[in-house]
Amino acid sequence: GAVVSQHPSRVICKSGTSVKIECRSLDFQATTMFWYRQFPKQSLMLMATSNEGSKATYEQGVEKDKFLINHASLTLSTLTVTSAHPEDSSFYICSAGTRSYNEQFFGPGTRLTVL
Amino acid sequence: AQSVAQPEDQVNVAEGNPLTVKCTYSVSGNPYLFWYVQYPNRGLQFLLKYITGDNLVKGSYGFEAEFNKSQTSFHLKKPSALVSDSALYFCAVRGETTDSWGKLQFGAGTQVVVTP
């Protein structure tokens, strides 16, 4: 299957700082990328859907000013957690896909810890 | 609206025994069904999917799943479990409508524990 990478894999930051997470599709062009959040031993919660060249669509209850998503190219989407607080600590997973593939390919995830 | 239910938080099985992880779904129109596995601190690995065609789908690592439209189920099975199959398993569904393309609804997950 297609390969999706995330960087960094793990980040620890101080409260109040901003953190950027990158999601890249390495061997295909992804028209759509998805960002998920996962709490320990829980399911994935979709945060937003990102289409290349357009604004992201956020799920209900997700603060768009808190979680900034940029999808500048067909191979790169970024999630920026602004003014991070301890409650933002979580495992963030991205996925990428195209209609022709009819499925999503998941990145390895980023563990964010806010002190 | 679409939803997925994984009724078991955890499934325990001895190595070599058959493994079944249950999943039922609700979706408008024809379902697109997926199974993923997650190891600790890792992303999701794709196991198999049902889009159309044969109700029995064979996937990675010896796993298979049977689509049952009348029971709205898509149970994951493996004839002989390995200790290395111990992981968290997610069932996911999405509808076929254009505006819901790609938006997966995940089940709560089932922890599989395979004992030697």
Side-chain angles (χ1 to χ4, degrees), chain A residues 1-11 21 23-25 30-52 56-60 62 71 77 90-113, chain B residues 1-10 21 23 25 30-53 57 59-61 65 86-113:
Chain A
V3 180
V4 176
S5 70
Q6 276 184 247
H7 178 79
S9 59
R10 184 182 296 268
V11 57
I21 302 170
C23 177
R24 293 182 185 271
S25 56
T31 52
T32 305
M33 289 187 172
F34 304 86
W35 287 96
Y36 296 85
R37 183 174 181 175
Q38 186 182 28
F39 291 103
K41 299 193 176 184
Q42 292 190 27
S43 188
L44 279 71
M45 181 191 77
L46 179 64
M47 299 174 66
T49 302
S50 167
N51 290 299
E52 185 265 339
T57 302
Y58 290 82
E59 296 299 301
Q60 192 172 8
V62 178
H71 192 163
S77 176
S90 191
F91 195 51
Y92 293 88
I93 302 175
C94 75
S95 70
T98 68
R99 291 179 186 270
S100 58
Y101 281 147
N102 219 1
E103 68 176 274
Q104 298 176 34
F105 301 96
F106 286 82
T110 296
R111 172 74 60 193
L112 170 63
T113 302
Chain B
Q2 52 202 33
S3 65
V4 179
Q6 292 182 243
E8 301 154 316
D9 291 337
Q10 182 165 314
V21 187
C23 172
Y25 66 90
N30 293 321
Y32 290 52
L33 295 155
F34 304 82
W35 274 103
Y36 295 91
V37 60
Q38 184 181 35
Y39 293 94
N41 293 311
R42 302 287 294 275
L44 270 65
Q45 293 181 29
F46 171 80
L47 284 179
L48 49 81
K49 65 180 177 183
Y50 172 83
I51 303 298
T52 185
V57 179
S60 306
Y61 313 117
S86 299
L88 188 57
Y89 290 79
F90 290 102
C91 180
V93 68
R94 69 171 177 87
E96 64 178 338
T97 57
T98 302
D99 61 356
S100 70
W101 179 85
K103 290 184 70 172
L104 290 174
Q105 180 70 47
F106 282 87
T110 298
Q111 183 69 47
V112 170
V113 178

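- Of the atoms belonging to A/I93, it is side-chain heavy atoms, and not backbone ones, that fall under 4.5 Å from chain B.
- The aromatic ring centres of A/F105 and B/F46 sit 6.0 Å or more apart.
- Counting non-hydrogen atoms of neighbouring residues, nucleotides and ligands closer than 6.0 angstrom, the OH atom of B/Y61 reaches no more than 12 such neighbours.
- A/L46 places none of its side-chain heavy atoms less than 4.5 Å from the side chain of B/L104.
- Closest approach of A/Q38 to B/F90, counting heavy atoms only: NE2-CZ, 3.5 Å.
- Residues B/F106 and A/Y36 bring their aromatic ring centres within 6.0 Å.
- Side chain of A/S43 to main chain of B/G107: a donor-acceptor pair is present (N/O by atom type, distance under 3.5 Å, no hydrogens or angles).
- Shown here for B/Q38 and A/F91, the closest heavy-atom pair between the two residues is NE2-CE2, 3.8 Å.
- For B/R42, there are no side-chain hydrogen bond (donor to acceptor under 3.5 Å, both in side chains) partners two or more places apart in sequence or in a different chain.
- Applying the salt bridge (Lys or Arg N to Asp or Glu O under 4.0 Å) criterion to A/E59, with sequence neighbours excluded, gives B/K103.
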